[in-house]
**Q** 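Sharing a structure here in structure tokens format.
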Number of protein chains: 2
Amino acid sequence: MASARATIYQVAQRCGVSTATVSRAMSGGAGMSVDTRRRVLATAAEMGWVPNGSAKALASNRTGILGVLFHDLDSGNDPLLDSPLYLDQVLRGAEQATTGVGDALLIAATRGRSGRDLAYSVAGKADGLVLFARSLNRADTQALASMVPIVTVGRAGSRWPHDDISVDNRGGMRNLVEHLLEQHGLRRLAFVSGPPRTPDSIARFAGFRDALIAAGLPAPDKPDADGGFTESGGEQAAESILTGDRQVQAIVCANDEMAIGVRAVLAARRLRTPADIAVTGFDDISASRHLSPSLTTVHQPMHEVGSRAISLLLQRLREPTKPRTSVVLATESVIRRSCGCRRPPARPPERSMSDGLRRTRSSRTPTEQ
Amino acid sequence: MASARATIYQVAQRCGVSTATVSRAMSGGAGMSVDTRRRVLATAAEMGWVPNGSAKALASNRTGILGVLFHDLDSGNDPLLDSPLYLDQVLRGAEQATTGVGDALLIAATRGRSGRDLAYSVAGKADGLVLFARSLNRADTQALASMVPIVTVGRAGSRWPHDDISVDNRGGMRNLVEHLLEQHGLRRLAFVSGPPRTPDSIARFAGFRDALIAAGLPAPDKPDADGGFTESGGEQAAESILTGDRQVQAIVCANDEMAIGVRAVLAARRLRTPADIAVTGFDDISASRHLSPSLTTVHQPMHEVGSRAISLLLQRLREPTKPRTSVVLATESVIRRSCGCRRPPARPPERSMSDGLRRTRSSRTPTEQ
DNA sequence: TTGTAGGCGTTATCAT
DNA sequence: ATGATAACGCCTACAA
């Protein structure tokens, strides 16, 4: 039973050695008789003993645990408050990197709790933390950072002293819009943003403007509509845009979910995509390739965001004093059909048949500063 | 800096009290002067101190950490080996339940490691573990269970002594197939299974047979094709089924991803869904409602699986000797259009416009044994 | 209401 | 190659 777990003392005694020897045997067994080691390991296995993690951590000053902090993984009731779907991908990447070095991954959502509560429930339990944008405000972030090494995600622009990993939102959107402008000759584009002050939405709108300006076209000061990053928000945004007197040729959305909402409204109004109005998204969520027409969008390397964040953290733990690193990962345009491109002629042999597409990387390559 | 973290001694000294007082203040402050408590908390905050989790855990014999163990959250290279998408939902549910009681959630994938390695890297760090089906074989599960309390997921049938939470795969599939039989009068159904020996696939095929037998129809001994739970596997399965001489009216798939593959093949062969051949899935992944026609499938309460698993674990920790609990959660048929049903006439006011559907629960209600 | 002090199970530093 | 033993930072009787 798990009620009375063995300790290192009992293993040592049963094996006729000291606790020090048992400890050595468990941690690689450098500089000890191969035979002794084998014997110790055998009795340990036999007794079903594993070192107590807490005691080990206390003595060695290392928990072997890395933490990831989100704003809200899941609100429980209101899906609108949930973190975006791509976080799952990030998690998977982080888990892989963490397991890869033999550590374990701790995950927690802030759910509006203060930095102090969090520190109490998480910071004390991990060797380091990865903080997602929106998860904590500035003050709380500072506080946390004073108790445990941290890496931030999505705060590339900031002057904060922490290591950071971000995605090239701006370049990715610019790249996509340039495709609309250059390949399809579109001129009258509307932009549907996410919640007003979110960095992602802001950066993507900036990329939208970049492309227009580079093409010598007039660039709007603000998005045509706010879709709050949700499908229903996208629907409302589309209604408002279509109601205006402006003859729009394309609706560029700051994420895929809003694009799905926009599509639904167009269909309901008997407007064809892309013939009448092109639609694009951002994120490349799994549903986007199953829409008809399939959604042209921008793919973010979320898996890599997760794994690189962990790498940065591990590096920081190894060299606490090394200068700050900030890396920006390139995005990739995923050209499907909602922009007006035709289905690629032949089925690529390796890929699933429903995934014919073309890809273009954002000009920005992974960067360290 | 995080390099030299304060200890309880320093806080105590600075505040002019004993370490016991500081400890009390941090843990609720029962039976102590309100003023003293305030003072302690203030200095602690000022010094940026939080109790060291390892020391705390060692002394109190409680880590405040719950773990979840998967087979493979993400294989890194081969998506075919990844855990199904719905695991993300489960994780979100588990995270919510865990955070709700102030604990933290540890996640790890077995990735083929032995039970011993895992125990070493995870079991020693948590108060209890949730084990997913496929994550560990019988012997390793036993070994783990002897070092830490565990709850299993998806092993309802087994005679194991652990608490378990499962989903009614069999009843869900039976329910869906009955719909095909009774509402659409279909008679010649083909079944596409997942990997041969997976419990989920087996249970779903059993449900398929249940429905046929109950309707007095001949029931096959084995699935018509194996689609390995993947989209491309579904494509191959469809090819093989369509190549046969049997005139099939519906292709029932053991999960959504295979159904997507099947659909693609039908479309490529100019076969209409559902007019020529109906298609159904299982899982209700997010993409399924965006297909055209939208996919009729079975919804699993994955979020609840996660949260209930944690609840069971917490209960077990509270009462280590109470008898085993095994709960089975009901599934729900999600009737969309790929089965032949028409789009519901009016748009439901509350829901997103692209989600018109009907729902039926599997007859099995949440059950405790 | 507060303080004293032993113990939690390891690791790591010295000896031997 | 192995053994004693002092930390590690906190909790919790027990005492005051």
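Here is how names work: the chains are called A, B, and so on, in the same order as the sequence lines, proteins then strands, and each is numbered from 1.
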**Q** Would you say S18(A) reaches dT2(D)'s phosphate, i.e. side-chain N/O to OP1/OP2 under 4.0 Å?
**A** no
**Q** Nearest to the I8(A) side chain among dC8(C), dT10(C), dT2(D), which nucleotide is it?
**A** dT10(C)
**Q** Under the 3.5 Å rule, do the base of dC8(D) and the side chain of Y9(B) count as making a donor-acceptor pair?
**A** no
**Q** How many Å lie between CD on Q13(A) and C1' on dA4(D), as a whole number?
**A** 16 Å
**Q** Is it true that R155(A) and D164(A) have a side-chain N and a carboxylate O under 4.0 angstrom from each other?
**A** no
**Q** Whole Å only: how far is the CD atom of Q10(B) from the P atom of dG9(D)?
**A** 9 Å
**Q** Does A55(B) or R37(B) map to a spot on DNA chain C nearer the 5' end, using the closest nucleotide for each?
**A** R37(B)
**Q** Rounded to whole Å, how long is the line connecting atom CG of N61(B) with atom P of dA13(D)?
**A** 13 Å
**Q** Of the nucleotides dC8(C), dT2(D), dT2(C), which one has an atom closest to the side chain of T21(B)?
**A** dT2(C)
**Q** Just compare dG9(D), dT2(C), dT11(C) and give me whichever is closest to any side-chain atom of L58(B).
**A** dG9(D)
**Q** Of the candidate nucleotides dT1(C), dG9(C), dC10(D), which contains the atom at the shortest distance from the side chain of P51(B)?
**A** dC10(D)
**Q** Does a side-chain N or O of S60(B) approach OP1 or OP2 of dC8(C) to a distance below 4.0 Å, or not?
**A** no
**Q** Is there a donor-acceptor pair under 3.5 Å between the side chain of S27(B) and the backbone N or O of S23(B)?
**A** yes
**Q** So does T36(A) get a side-chain nitrogen or oxygen closer than 4.0 Å to the phosphate oxygens (OP1/OP2) of dT2(D)?
**A** yes
**Q** In terms of side-chain geometry, is the basic nitrogen of R62(A) or D103(A) positioned less than 4.0 Å from the acidic oxygen of its partner?
**A** yes
**Q** Let's see if you can work this out: which of dT10(C), dT11(C), dC10(D) has an atom nearest to the side-chain heavy atoms of K56(B)?
**A** dC10(D)
**Q** Grab the CZ-P distance between R62(B) and dT12(D) for me, whole Å please.
**A** 11 Å
**Q** Where the side chain of R24(A) is defined as all heavy atoms beyond and including C-beta, which of dC11(D), dT13(C), dG9(D) is the nearest nucleotide?
**A** dT13(C)
**Q** Identify the two heavy atoms, one from A104(A) and one from S121(B), that lie closest to each other, and give their separation to 0.1 Å.
**A** CB-O, 4.1 Å
**Q** From dT10(C), dC10(D), dG3(C), pick the nucleotide closest to the side chain of A59(B)?
**A** dC10(D)
**Q** What is the distance, to the nearest angstrom, from the CG atom on N52(B) to the P atom on dG9(D)?
**A** 7 Å
**Q** Would you mind telling me which of dA4(D), dC10(D), dA13(D) lies closest to the side-chain atoms of A20(B)?
**A** dA13(D)
**Q** Please tell me whether E95(A) and T99(A) have a donor and an acceptor in their side chains that are separated by less than 3.5 angstrom.
**A** yes
